[in-house]
Asks: 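Before I ask anything, here is the structure I am working with.
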Amino acid sequence: MSGDTLTGVGVSPGTAAGPVVQVAPPVRPPADEPAPADAEAATAQVSSALAAVAADLDAKSAAADEHAAPILKATAMIARDKGLAKAAAKQVGGGAGPATAIAAAVDEYAAQFEALGGYFAERVTDLRDVGSRAVAHVLGVPAPGVPTLTGPTVVIAHDLAPADTATLDREHVVAIVTAAGGRTSHTAILAAQMGIPAAVQVHGATDIAPGTTVAVDGDSGEVTVDPDMALIEAQREHRERRAAALARVSGPGRTADGHAVALLANIGGVDDAVAAGAQDLEGVGLFRTEFLYLSAQALPSVDEQAEVYRQVLAPFPGRRVVVRTLDAGADKPLAFANLGEEENPALGRRGLRLCQAKPELIDSQLEALAIAARDTGADVRVMAPMVATAEEAEWFAARVRAAGLPKSGVMIEVPAAALRSRHVLAEVDFGSLGTNDLAQYTMAADRMEGELSDLLDPWQPGVLDVVAAACAGGEATGKPVGVCGESAGDPLLALVLTGLGVSSLSMAPKKVPAVRFALSLHTLAECRDLATLALAARTAADAHEAVRAAAHEELTSVS
Ligand code: PEP
Ligand code: MG
């Protein structure tokens, strides 16, 4: 394997090299676990194992940041599920030992979740993680997951459980590699937010022996096993050259001929806001408000909401903060914001559709935001998720006006809204392309399905055509259209998007310098030429390659 290069999908840019730690695989019960002599004692063992797992996850959650805490809390809730404990007790009653009983109950539940599909199917990873931790507890072996790290480490896993990703030791992890996972998986989004190079879909990565040195390229998705010194040195030089190049430009985003493209941050809460507020960027292009409430059991009061929004807006007096109203449902379920089970949550009553059915959700948010905006002096603009029609945009704009907020906008992430953007945008002040969902719905490919990464590639010409249609509507109506999906942070794609007419790009703050640098090297006319090249390509790979070949040499030499 030495010197071999495995190729996956780069999801968080940068390079790094270091020794591998393989994330401990799930713990299974021994095949020959004897039937319990005392069923009552075995049942008690099951309960105490599940309780210990829940307590451990709660303790981790208390020490975690705002991204990790709700994920860990949600996983702890699975460990506390009475149905799971009951199912395991039933297995013990049938003669299974405690570890076998837990594993069997988890299998039973997982099959049910998988059959339900959608949101439930996505929770199977969390459920199996809980089961594996509980089995480890019964057997008295170390819990699965990332071991304690003592030095610079490349973490490799089949797929990281949300609880693992959320609690990664940021000081020691220099890169993350997974064999599964997708472009918009937890691993990808959190790695980008932390600025740690990462690659997913690297088949064969889990076969690399622990302790082996690997070099990871989070742009190309390449993982080189036992790299020679020349490669490590080349990566180091490249990092230094890149850092020096990026440091040459600062301030508002502009093309080489001075055309303004605002560079903004995607944030999920107060910590993100404080960090982004201190960086060289022009404000916030997407505040995912639902992230605040992933573990809330009830809709917080207007006063409670206003207090959190105040803290988020405080670092941005006079700067733009685009706040998205609750995007509950599908991959972001909220306990207090749903209309019961659905066959297919990604296509169900989520986002704005849910708020239309429960207007109190959106009205309390808008009221709280109006208070916070007044108190902080931030330039607050509110937008709705999952808008598909002009009527929905009209409904939302009226609500925003009634709350006394000055500007309303819509996410453009449903192909219908992009294709009919002139009518949708006519109702509001701005649009923001959510290319993560736009790719999912245009390509009919579940964004949580790592194996469909190629279809979810925002360079897909079909996706670019839909983006172009949305921009044409922006031009026709004179309404600004930005991008806040992950694609905005890809420097080459940012040029194409600028050429298509977008006026702002919002991304993980760590990605801003590279995008600013890319813009500074190209005129608007050049961006338009690059967009023409991308749209003319037959495949995603052709589009990417055509733009890469035509872009400024200095950009390709440092990216
Ligand atoms: C998107 O869909 O591109 C987007 C920015 O929203 P989210 O990723 O939160 O669905
Ligand atoms: Mg979306």
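Order of appearance sets the numbers: ligands from 1, and atoms from 1 within every ligand. No hydrogens, no waters, no symmetry mates; every other heavy atom, side chains included, goes into these values.
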Asks: Is Thr435 close to ligand 1, meaning an N/O of one under 3.5 Å from an N/O of the other?
Replies: yes
Asks: When you check the side-chain N and O atoms of Asp542 and Trp459, is any donor under 3.5 Å from an acceptor?
Replies: no
Asks: Could you find the nearest protein heavy atom to atom 5 (C) of ligand 1 and give me its residue, atom name and distance?
Replies: Cys484 O, 3.5 Å
Asks: Which of the numbered atoms in ligand 1 are below 4.0 angstrom from a heavy atom of Arg447?
Replies: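 So the atoms of ligand 1 that pass are 2 (O), 7 (P), 8 (O), 10 (O).
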Asks: At under 4.0 Å between heavy atoms, which part of Leu433 makes contact with ligand 1: side chain, backbone, both or neither?
Replies: neither
Asks: Could you pull out all residues at least two apart from Thr289 that satisfy side-chain hydrogen bond (donor to acceptor under 3.5 Å, both in side chains)?
Replies: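 side-chain hydrogen bond (donor to acceptor under 3.5 Å, both in side chains) list for Thr289, sorted by chain: Gln365.
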Asks: Tell me the protein heavy atom at minimum distance from atom 7 (P) of ligand 1, and give that distance in Å.
Replies: Lys332 NZ, 3.3 Å
Asks: Could you go through Asp217 and Thr15, starting from their C-alpha distance and side-chain angles, then the distance that decides it, and tell me whether this counts as side-chain hydrogen bond (donor to acceptor under 3.5 Å, both in side chains)?
Replies: CA-CA 5 Å; Asp217 184 331; Thr15 55; over 6 Å; no
Asks: Check each atom of ligand 1 against the heavy atoms of Arg288 and keep those under 4.0 Å away; list them by number with element.
Replies: 4 (C), 5 (C), 6 (O), 7 (P), 8 (O), 9 (O)
Asks: With sequence neighbours left out, write down each residue that passes side chain to side chain contact (heavy atoms under 4.5 Å, CB included) with Leu521, or none if nothing qualifies.
Replies: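 For Leu521 the side chain to side chain contact (heavy atoms under 4.5 Å, CB included) partners, ignoring immediate neighbours, are Phe517, His552, Glu554, Leu555.
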Asks: Can a donor-acceptor pair be found between the side chains of Asp437 and Gln440 at a distance below 3.5 Å?
Replies: yes
Asks: Just to be careful: counting only protein atoms that are N, O or S, how many fall under 2.8 Å of the Mg ion (ligand 2)?
Replies: 2
Asks: Tell me: protein heavy atom nearest atom 6 (O) of ligand 1, and distance?
Replies: Arg324 NH1, 3.0 Å
Asks: Using only heavy-atom distances, determine whether the side chains of Thr178 and Asp159 contain a donor-acceptor pair under 3.5 Å.
Replies: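 Not at all, the side chains of Thr178 and Asp159 share no donor-acceptor pair under 3.5 Å.
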Asks: As an exercise, identify every atom of ligand 1 less than 4.0 angstrom from a heavy atom of Met411.
Replies: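 So the answer, numbered in order with elements, is 4 (C), 5 (C), 6 (O).
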Asks: Once you round to the nearest 0.5 Å, how far does OG of Ser12 lie from CD of Gln193?
Replies: 10.0 Å
Asks: How long is the span from the CG atom in Leu497 to the SG atom in Cys471, to the nearest 0.5 Å?
Replies: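 Result: 7.0 Å between the selected atoms.
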Asks: Under a 3.5 Å cutoff, is there a donor and acceptor pairing between the side chains of Asp529 and Thr532?
Replies: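 Checked: Asp529/Thr532 side chains show no N/O donor-acceptor pair below 3.5 Å.
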Asks: Say whether Asn436, considering both its backbone and side-chain N or O atoms, lies within less than 3.5 Å of an N or O atom on ligand 1.
Replies: yes
Asks: Just how far is it from atom CG of Leu366 to atom CD of Gln305, taken to the nearest 0.5 Å?
Replies: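 So the gap between those two atoms works out to 9.5 Å.
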Asks: With heavy-atom distances below 4.0 Å as the criterion, list the atoms of ligand 1 near Leu286.
Replies: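 Matching atoms, with element in brackets: 5 (C).
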Asks: Who passes salt bridge (Lys or Arg N to Asp or Glu O under 4.0 Å) against Glu282, sequence neighbours left out?
Replies: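 Glu282: no salt bridge (Lys or Arg N to Asp or Glu O under 4.0 Å) contacts found.
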